[in-house]
Amino acid sequence: MSVAMVGLTGQAEAASQCGKASWYKMGTKTASGEKMNARALAAAHRSLPFGTKVRVENLANGRSVIVRINDRGPFAGGRVIDLTQGAAEKIGMIHSGVAPVKLTVVGGKGKLSGNCR
C-alpha cells in the first residue's frame, strides 16, 4: 500500500461519527432558511456546516444514503443526526424510527468526531 493511500484511509476514519439517527418531516423552514421538503435527501446535524454532504450508513442493514446538511438538530439526547423522511426511507428506518448509523463526510469542509470503533 502506498503512503498516499494510508493517508487517505486515515482521513476517512477521522471523518466518521457513529450514533443513532432519527427522522422527521415537520416544520415549514429549515435552520438554513430553506423550505422544508420531507422527500429531499437532507438532514439536521448540530455542528456540520450547511451544505456539507454526509454518507449515512444504517448499521443494522448496511444500506446508505448521501444527504446534505440544511438544518440543525437533533435535539433528542443520544442522537447524532435527524434525517428527512425521504432519506430515512432510503436506508430502511421508517418503521423503527431510530437506527444505529455511521456518518462520513463526503463533501464540504465539515469535520466529525471520529468516534466509530
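Note that the structure is a prediction, hence the values are computed from the model and not measured.
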Nearest-0.5 Å distance, CG of residue L83 to NZ of residue K25: 14.5 Å

Gap separating the CG atom of L112 from the OG atom of S47, nearest 0.5 angstrom: 7.0 Å

Of the non-hydrogen atoms in V80 and Q17, which two are nearest, and what is the gap between them? CG1-NE2, 3.8 Å

Linking I/L/V/M/F/W/Y whenever their side-chain heavy atoms sit closer than 4.5 Å, directly or via other members, would F50 and L103 fall into one cluster? yes

Rounded distance (nearest 0.5 Å) linking atom CZ of R72 with atom OG of S32: 8.5 Å

Donor-acceptor contact below 3.5 Å, side chain D71 vs main chain A43: no

When hydrophobic residues are tied together by side-chain contacts of less than 4.5 Å, even through go-betweens, does I94 share a cluster with I81? yes

Going by heavy atoms in the side chains, are Y24 and Q85 under 4.5 Å from each other? no

Which heavy atom of R79 sits nearest to which heavy atom of P74, and what is that distance? O-CG, 3.4 Å

As an exercise, state the distance from OG1 of T52 to NZ of K111, rounded to the nearest 0.5 Å. 10.5 Å

Measure the shortest side-chain to side-chain distance between K90 and L41 over non-hydrogen atoms and say whether it is less than 4.5 angstrom. yes

For a quick test of reading the model, state the closest non-hydrogen atom pair linking A42 to A87 and the distance between them. O-CB, 4.2 Å

Salt-bridged, R63 to E89, with N to O below 4.0 Å? no

Could you report the tightest heavy-atom contact between N58 and G92, atom names first, then the distance? ND2-O, 4.1 Å

Any side-chain donor-acceptor pair under 3.5 Å between E34 and N70? yes

Specify the closest pair of heavy atoms between E57 and S64, including all atoms of both residues, with the distance to one decimal. CA-CB, 3.9 Å

d(I66 CD1, R55 CZ) to nearest 0.5 Å is 5.0 Å

Atom pair CZ/CD1 of R46 and I69 - distance to nearest 0.5 Å: 12.0 Å

M36 and T28: CA distance, side-chain angles, deciding distance, side-chain contact (heavy atoms from CB on, under 4.5 Å) verdict: CA-CA 5 Å; M36 174 58 172; T28 57; 5.7 Å; no

Within a strict 4.5 Å, meaning less than it, do heavy atoms of the I91 and V56 side chains meet? yes

Within a strict 4.5 Å, meaning less than it, do heavy atoms of the T84 and V67 side chains meet? no

